[in-house]
Amino acid sequence: MKEREEVKGANEEDTENWLIYTHSLSHQLRLQQSETHKSFLSSCSMSRVSRKGGVEANNVEANNAESNVDVEVTSNNKPKTEKGKRERMKDRSGVWDHFDKEETSKGLKAVCKYCKTAYNCDPKKNGTSPLWAHISKCRKYPYATPKESKQSLLSFQNGSNKACGGISGLTYQKFDPVSIRKTLSFMVIVDELPFKFVEGQGFKYFCSVMEPRFHVPSRQTVARDCYKMFLTEKRKLKNVLKRCNSRVSLTTDLWTSIQQINYMVLTVHFIDNDWKLQKRILSFCTVASHKGEEVGKMIEKCLLEWELEDVFCITVDNASSNDTVIAYMKRKINGWKTGVLKCRFLHMRCVAHIVNLVVGDGLKCVHDSIIRVRHAVRFIKQSPARLLKFKKCVADEKINSKKLLCLDVPTRWNSTYLMLHAALALENALDRYSEEDPHYNVELYDREGNGPPTCDDWAIVKRFSEFLQCFYELTLRVSGSAYVTSNQFFHELINVAGLLKELCASRDENMSLMACKMREKYEKYWGDPEKINLLIFIAVVLDPRYKLDYVEWMISEIYDSKVGFVLKKNSRESLYALYDEYRVLPTTDTPREDSSESRDDAPLNATQKKVDVLKNKYKKQRGERGGEIKLELDKYLEEEVEEDFDNFDVLGWWRSKNPSLAASWVTLPTQIKNTRVHAKPQDGLMEADKITTLPGQPDGVDFDHYAGYVAVDQTSEKALFYYFAESPKNSSSKPLILWLNGGPGCSSFGNGGLLELGPFRVKSDSKTLIRNPYAWNNVANVIFLESPAGVGFSYGNESIIYNQTGDISTAKDAYTFLVNWFERFPQYKNRDFYLAGESYAGHYVPQLAYTILHNNKNANHNFINLKGIAIGNAWIDDATNSEGMYDYLWSHALFSDETHAKIKQSCNFSETSTSDECDNYSSIAGEEAGNIDIYNIYAPVCVKLGIKAHILDSVEVYDPCSSLYVEDYLNKKEVQKALHVKPTKWESCSGFEWHDSPSTILPVIQKLMASNISVWIYSGDVDGRVPITSSKYSINALKLSIKNAWRPWYTSDNQVGGYVVGYEGLVFVTVRGAGHLVPSYQPARALTMSKRLKSPSLAASWVTLPTQITETQVHVEPQDGLMEADKITTLPGQPNGVDFDQYAGYVAVDPAHEKALFYYFVESPEDASSKPLVLWLNGGPGCSSFGNGGLLELGPFRVKSDGKTLIRNPYAWNKVANVIFLESPVGVGFSYGKEPAIYAQSGDTSTAKDAYTFLVNWFERFPQYKNREFYLAGESYAGHYVPQLAYTILHKNNNAKHDSSFINLKGIAIGNAWVDDATNTAGLYDYLWNHATHSDETHAKIKQFCNFSKATTSQKCEDYKDKAWEEAGNIDIYNIYSPVCLMSGNSKAHILDSVEVYDPCSSKYVTTYLNTKEVQKALHAKPKRWESCIGDVDGRVPVTSSKYSINILKLPVKDAWRPWYDTDNQVGGYVVGYEGMVFVTVRGAGHLVPSYQPKRALIMFSSFLQGKLLPKSRMMS
């Protein structure tokens, strides 16, 4: 009954509208392919599976409850069986459908109808729960799902069922009466069935067989269900229109029924966000009359109901009353301030209707031949017997045409055409009929035509039919609704004009007379420049097959010179005026003047000279015509036209070929309405929002901060939470910033305020706050807004939040918040105001800025002084962001080349949805990347709380678990009370069904750039979610000219903070070493930035192998006693507890040139006698393996910052092997020789020969290591040393298998190896560019002018390489994210003296230590000036270079690319196994891998020695 009352109480007008609308809804439901229909069609997927695996008891009860309106209620006055006692109540539970009651000796029993199990059922003692429980697991219950299967019933879904997606196959099914009711309503609407259909006996019987548990509802219930569906679909369509980024066009149709009721249908046409043309019926209603004012009011009412104000044009027929309709709508739309060029193009006359009028005028003088054909057709169709006889004539004449005779309506020319067209095909049959039916000729002679059609008549009819066919086909083409037709009108007008011109000159007087009358009507509508809508011409200009020159030429051909001149002039002016309207947004300071009319009511400014006004106007016009903005349209017009072919997809071309310009026309956020902002009095609320103190707040807080709610929508109960921190100093003069985090749905206060740029950070105890010295409120007053409603502490009506939240509502609510907030804090009105945010705020910030500027045009006291925007790692364009993400991750060695190639091949990110193949390879990329923090690819991930790594509680040191501390803190009652919030379960990010999100925001950014506000996009360069590559791709799509070239910018401590490039209207900034949350990872650099807001062939590989090894005698000297002499007693500054032996000394390799190589050898602390032997070589060429490899990377000691003391390296490689550090070649480090010989003969060949000689002699000195498993390892230019020495060893071993010089070489390992000049050099510059150290322009020039496969490069190449280094600035090229050493002495920054923390000055400490006399004496070294490297050092070998080099080998992959994990459960890097080679990356390491990542380097080296790939799954701690 409640449902009936609700329907009865519904708005009668809406109900009437629904009843009229039902027919159109059924048609609309068939057509809709968009998301407005998706939730309904989800009924094809049945409800969730019951946890018990059987039938849920409440299903039956729910079904009964849903259908209770149809159950007859019987009287309670039952006859009594015994005096004073009532009859026992009838069992009401649905469980008794499955049980019978039986009296037994043990009492009343309930017996299962299926398995005969009995249960006690005394109504006073026993309930029905056990019975329901039994049914759920009864094995003989026919509808039960077996418990052990834990799944619903399977059924086969027929692929012909389009409502369920048209897919065949098995699907699970579960009884769901609600879904069945919905499906029943859908069937009634789509098949246009009467409501009483559901009460038919046949249908009820069908349902009882199909699903006995379903209770068929009554006609009234079905009617209510259909009405609910109507309301649901209406709401969904409204949401679709809200999310649509284009303006809409309307068509009207009016008629009067035979009952003399006036009807109107209003249809909307729009291009959706997927660039598909859509057509939807908005209203099917009655109107009082066809008077213009009445119709206009009805259209206005409908638009307001649907919240549509951005109307581009309205197509109407040519009734005189429609002029009044258009005039009325112009007044209203201009009043809403949403019209384009003051509704200049609003009135579009229906082309099909004008064609009807033109042809209708011509047919007023119908030829006698047509009359005779009409009478002949009427005669035959008047009698079934005649029709039967005529069909026999058709068969006798063997006419194959399937056309049938049809009689026209004389006032409808298209029916006349169809009649003549059919009659012509049956001409011979009509002639035969005249011979067989004597009454035919007699009766026709008595009629107006004077006889049957003759041969001459048929000739005339044929010509006339061909003439009408042109207009008939034209009408069909321009009436299409599944494709764009506006660009076809012009061509159809040309066809008509040409045809009429030809026929006017015809010798056939009848045809000539008819054509002349038609031409007069044609000129009335399409010959007068004042009446023709110029969009007919502009639409053709926007068709890339034709463009402006074509249109102007055609106009000259069709129209006389005077009319043609006016049309061409008006068309060109209108084109540019439209472009200006869509492209240029008014500035915040100067309202934009309309180009067509001046404002007489504008106030005079006596202080401004008229000449200044004219100067500004001149500059503006010059900028518009000569600047980048205007060039975009001009460039399109000047480009070559596309090939002209049928079925050309105009919208598809615009989207794929010219998205930037197309978006200017189509996808601008035109749905910003000048609606009344929800404003409430704010008196006293600022004081109420003031925070006294926050729990755990540190002492000495010297600024005011506030928190509270601002109501933004009373209807939906939406209120947004904010936290506001004023600046500690000069807050009254500093600007105001609104900060927004992205998501969509992530908290700006919890993330932005407490993790990034706010004044506090939460300590690891989740109770205490520490001060953030790099807080942005040091330079501005900052508001953190939790937006949209439902995020963080913000709240609202849940049904509205989850059904209507999207970009549009978020911008609207945020603007309403600002208007009210400025009333609450009036001292900030007119303050310089900035918007900033990150990630999906790439949507929020530009859209809110656009809303502000849009509303500033009409604002009085609500004016907001917006000065600029800044967006970090901004998601602003779906296609470029997605493509850039995968390119970035691949270029940073996070997934394999093979997967990247497949993604490039199968993924088209410009499409709204990607293919299954693309999704598959995208998933593989994620799997190969492993468990890394995608928001900072080099940062650790949070594994568990409470570990020592988190006790630093420092803003400078990033803590991956910090978000957990924030969540704990904000969910404390005392914290929420201090923040003045409703008790809430606070979450960092909230899940939403996002209802509108345009695929690109670039058009909005273009508008903002044109409005003269500051536009900054900044990017942390180690973010993998919205990486710097994505930002660069997006900016490149704007095709902006460069104003200030790419250069580095520096922090206060003279470190490169990142890079900056200035474009016309936009600044792009990178923040070096920062991830997605830039102020969290690099707080100091973020603060600094915020202050400024104001392959060669494989043959080469064979050529360069050292195959010409000279078979010279190896110099071997006696080594007796030298091992003991080389043993180190102790090193100066050596720590206590050294538990291994170490040796150092010289091995002579060439007495003739006095060459001797210095070595340092450390044995393993445990089981040295069984562990393998490793020779380590640093590269250069010319760098010390002992000073660099031994004391900076993998040796047992590191030198402290005092240059005197050593500390133990817990990750030294001698834990897993015995390691020799060899200073090679001669002249490096402590190695020596005759200097002229050194510099005259040093090279790869001599280095390999001398190193081999060293090894042969060393094994004689340490004979216990002969035949020990031996490995070569090194880095950088050791990419030459190691392979060449290994080749030499293997070559010599062939002749020394039983000789004492045999060396048991087992393997080699090279880090950041320089192995191929061409690929290494190309990879170097590609890597640096991919990591945003130099500009796109410079990189493009390097790619253009540099051929690295040649021995020498051109001067232009050298110039641009130099420029790349200049743009990179003063960075450490061996680790582009580490700081550089800027001081020669010690400083407090270096007092950590920790192996885990990289010190950029550590090489200076090593140099100091090794040049100490007592150190050199302890090492048994000759006194000399030790240097880290000698000669020309070029060791910058990025992972990109290594990958390029390996790719040349074209090795088959044996073990696919995957992550490997360290002992802290962090991704240590990536590994891929090739046939004969393993390639490993070490995540976060620079050129000297063991120096930057010592722990990971040790894990990698241990796996190398064991001959195993690195750990495949994370090790559990």
Side-chain angles (χ1 to χ4, degrees), residues 938-940 948-949 952 954-959 1022 1050-1057 1072-1074 1081-1085 1131-1135 1178 1183-1213 1221 1275-1276 1311-1312 1369-1412 1415 1426-1429 1433 1435-1436 1482-1498:
Y938 298 123
K948 292 182 179 180
L952 286 174
S954 168
V955 174
E956 284 83 359
V957 180
Y958 172 70
D959 186 338
V1022 293
Y1050 290 85
T1051 59
S1052 56
D1053 56 354
N1054 280 336
Q1055 300 288 346
V1056 172
R1072 185 164 156 256
Y1081 298 105
Q1082 290 291 342
R1085 292 173 183 174
L1131 288 173
Q1134 176 179 305
N1178 274 74
C1183 288
S1184 166
S1185 300
F1186 173 48
N1188 296 303
L1191 292 175
L1192 286 175
E1193 300 187 68
L1194 55 131
F1197 304 114
R1198 295 281 178 92
V1199 182
K1200 294 179 68 173
S1201 55
D1202 59 5
K1204 301 176 183 179
T1205 316
L1206 301 178
I1207 59 173
R1208 193 76 177 263
N1209 177 10
Y1211 308 111
W1213 287 17
F1221 298 90
E1275 68 192 9
S1276 190
N1312 295 90
N1370 183 28
I1371 63 172
D1372 182 356
I1373 195 61
Y1374 297 102
N1375 186 331
I1376 61 174
Y1377 297 121
S1378 71
V1380 296
C1381 180
L1382 297 172
M1383 65 277 306
S1384 57
N1386 300 331
S1387 71
K1388 291 183 179 180
H1390 303 142
I1391 63 172
L1392 284 176
D1393 289 325
S1394 168
V1395 174
E1396 283 84 357
V1397 180
Y1398 173 70
D1399 186 336
C1401 296
S1402 54
S1403 62
K1404 293 183 180 292
Y1405 316 149
V1406 171
T1407 301
T1408 301
Y1409 182 78
L1410 291 181
N1411 280 297
T1412 304
V1415 173
W1426 183 92
E1427 293 179 312
S1428 175
C1429 295
V1433 179
R1436 301 153 294 186
V1482 181
R1483 183 164 161 256
H1487 195 64
L1488 314 180
V1489 171
S1491 180
Y1492 297 104
Q1493 289 290 342
K1495 182 188 295 187
R1496 292 173 181 171
L1498 178 58

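Note that the coordinates shown come from a computational prediction; the quantities given were computed from them, not determined experimentally. The figures that follow rest on heavy atoms only: side chains count, while hydrogens, waters and symmetry mates do not.
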Quiz item: Considering all heavy atoms of both residues, which atom of Tyr958 and which atom of Pro940 are nearest to each other, and what is their separation?
Solution: CE2-O, 4.4 Å
Quiz item: Would a 4.5 Å heavy-atom cut-off, applied to side chains only, mark Glu1275 and Asn1188 as touching?
Solution: no
Quiz prompt | Side chain Ser1185, main chain Asn1178, donor-acceptor under 3.5 Å | solution = yes
Quiz item: Out of Val1406, Asn1209, Thr1407, which residue meets the side chain to side chain contact (heavy atoms under 4.5 Å, CB included) rule with Leu1191?
Solution: Val1406
Quiz prompt | Lys1404 NZ to Ser1201 OG distance, which is reported to the nearest 0.5 Å | solution = 14.0 Å
Exercise. Indicate the atoms forming the closest heavy-atom contact of Gly1195 with Ala1212, along with that distance.
Key: O-CB, 3.3 Å
Quiz item: Rounded to the nearest 0.5 Å, how far does CG of Leu1192 lie from OH of Tyr1405?
Solution: 11.0 Å
Practice problem: Please identify each residue that fulfils side chain to side chain contact (heavy atoms under 4.5 Å, CB included) with Thr1051, with sequence neighbours left out. | Solution: Trp1049, Asp1053, Gln1055, Arg1085
Quiz item: Hey, are the side chains of Leu1206 and Val1199 touching, using non-hydrogen atoms and a 4.5 Å cut-off?
Solution: yes
Quiz prompt | For Phe1221 against Phe1186, the heavy-atom pair lying closest together | solution = CB-CA, 4.1 Å
Quiz item: Hey, is the main chain of Glu1193 close enough, under 3.5 Å, to the side chain of Arg1198 for a donor-acceptor pair?
Solution: yes
Exercise. Compare all side-chain heavy atoms of Tyr1050 with those of Val1056 and state whether any distance is below 4.5 angstrom.
Key: yes
Quiz item: Hey, is the main chain of Pro1132 close enough, under 3.5 Å, to the side chain of Tyr1409 for a donor-acceptor pair?
Solution: yes
Practice problem: Could you pull out the closest heavy-atom pair between Gly1187 and Leu1410, with the gap in Å? | Solution: CA-CD1, 4.0 Å
Quiz item: So which heavy atom on Pro1400 is nearest to which on Cys1381, and how close?
Solution: O-CB, 3.4 Å
Self-check item: Phe1197 vs Pro1135 side-chain heavy atoms within contact, under 4.5 Å
Solution: yes
Quiz item: Taking all non-hydrogen atoms of both residues, which atom of Thr1408 and which atom of Thr1412 are closest, and how far apart?
Solution: O-OG1, 3.0 Å
